[in-house]
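For ligands, and for the atoms within them, numbers begin at 1 and follow the listed sequence.
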Amino acid sequence: MPQLWTRARLATATLEGRWTERSDMAFAVDGERIAWVGPQAEVPEPYSGWELRDAEGRWVMPAFIDCHTHLVYAGSRFNEFEMRQRGASYEDIAAAGGGINFTVRETRAASVDALLAQSLPRIRALVREGVTTLEIKSGYGLSLEPELRCLRVARNLGERLRVDVRTSFLGAHAVPADFRGRPDDYITYLVDEMLPAVHEQGLADMVDAYCESHAFSVAQIERVFRAAQALELPIRLHAEQRSNQHGARLAARLGALSCDHLEHLDVEGVRAMAKAGTVAVLLPGAYYFLRDTQAPPVKLLRQNEVPIALASDLNPGTSPIASLLLALHMGCTLFGLTVQEALVGVTLNAARALGLRDRGRLAAGQLASFTLWDFEAPGQLAYEYGVHRPRAIVHRGRNLL
Ligand SMILES: [Zn+2]
């Protein structure tokens with residue numbers, strides 16, 4: 001049944017990326033889409049007869065988009081956290097069998113049901129905040145069957161919660177123990193066997209990789225990206241998190257959707273991203289959890305008009321934080337984003353980072369995915385963490401909450 005929402009206050013990015021807030025608005029929803037948006041006083045003829053929904057003066061915002069998560073994995077690393085808090089180093093933790101290899105072992109050994117059961121609370125936490133589109137990466141299987149299993153679980157989670165999950169194949173996340181010292185051989189296995197199978201089964205919407213001195217070099221990443229592009233899969237990159245490897249330059253030159261982290265990005269990298277229209281996905285949760293001290297070059301990104309998105313980076317090793325609203329808050333407090341930049345960063349620019357043009361703002365033709373709020377002003381979401389929860393969550397025209 002088509003609906004006309006009245007007495008709404010609308011907060012949304014424009015197509016150009018400017019944040020706007022308007023009172024006394026109305027909007028019409030037809031099935032999965034927004035049919036019309038405009039002032040309450042100017043509702044055109046057909047819509048005025050549609051089923052009325054009264055927003056009672058509440059704020060309506062586009063549903064949030066978490067464009068970078070690793071939320072499908074097995075095994076908790078709280079032991080490691082306890083060790084770290086008692087003063088253990090990364091080397092101590094690795095020697096005790098911790099770190100990413102622990103997660104890989106646990107994930108490889110986990111059944112589909114176990115992966116689902118462990119991942120559900122994480123995705124639910126995000127959805128409760130008003131996230132209705134999210135990205136989930138593989139990258140804890142690091143061999144064919146477990147990678148396929150994790151991607152299937154990611155798709156399944158989206159169906160169960162009736163939200164949209166976009167998947168990234170992140171086989172190039174780390175060199176697995178069985179290829180230790182042989183990263184080039186692992187990349188060959190990835191390119192020749194894993195990627196074609198993942199693509200054949202339609203399990204990856206994008207291909208991601210991790211460029212870092214302890215992960216993969218620019219030359220190795222380029223092999224992955226060329227193979228992805230031969231299959232017409234979009235690419236994105238974990239780049240310049242702990243050091244400047246000039247990965248962002250490569251990714252931008254190849255037309256990547258996004259480069260993520262970027263603490264050590266230099267001006268050439270910023271310019272390359274600006275030229276390519278590559279989105280900068282900032283991940284304050286990892287910066288915070290690692291107690292990093294070098295923040296991404298937000299001023300340079302801003303000056304060069306690189307679109308900025310924010311994401312949770314939900315993962316067991318460096319960002320065990322199932323909250324996009326906390327990333328929104330920390331994007332302001334830790335990285336110096338304006339409130340408006342942060343809000344655009346979890347809506348419009350997060351959609352762009354996933355290559356999605358049909359969501360992330362409230363306008364005719366966009367998906368009817370939006371949230372209702374009781375706060376005085378949307379900026380309160382950036383200012384105070386933990387206080388606000390959506391009053392209603394609508395995704396593709398259906399009530400989730
Ligand atoms: Zn990540």
> Do Leu151 and Gln201 come within less than 4.5 Å of each other through their side chains, counting heavy atoms only?
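Answer no - side chains too far apart.
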
> For His68 and His70, take the angle between the two ring planes, folded into 0 to 90°, and tell me which bin it lands in: parallel under 30, tilted 30 to 60, perpendicular over 60.
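The rings of His68 and His70 sit tilted, inter-plane angle from 30° to 60°.
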
> State whether Phe216 and Arg223 meet the cation-pi test: NZ (Lys) or CZ (Arg) under 6.0 Å from the six-membered ring centroid, and within 45° of the perpendicular axis.
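Judged by the rule (NZ or CZ under 6.0 Å from the ring centre, within 45° of its axis), Arg223 is not positioned above Phe216.
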
> For the Zn ion (ligand 1), give me the closest N/O/S atom belonging to His238, just the atom name.
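Nearest N/O/S atom of His238: NE2.
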
> Is His261 close enough that one of its N/O/S atoms sits under 2.8 Å from the Zn ion (ligand 1)?
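Within the cut-off used here (under 2.8 Å), His261 places no N, O or S atom near the Zn ion (ligand 1).
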
> Do you see a donor-acceptor pair shorter than 3.5 Å between the side chains of Asp92 and Ser89?
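Yes - a donor-acceptor pair under 3.5 Å links their side chains.
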
> Considering only N, O or S atoms, which atom of Asp313 is nearest to the Zn ion (ligand 1)?
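This turns out to be OD1.
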
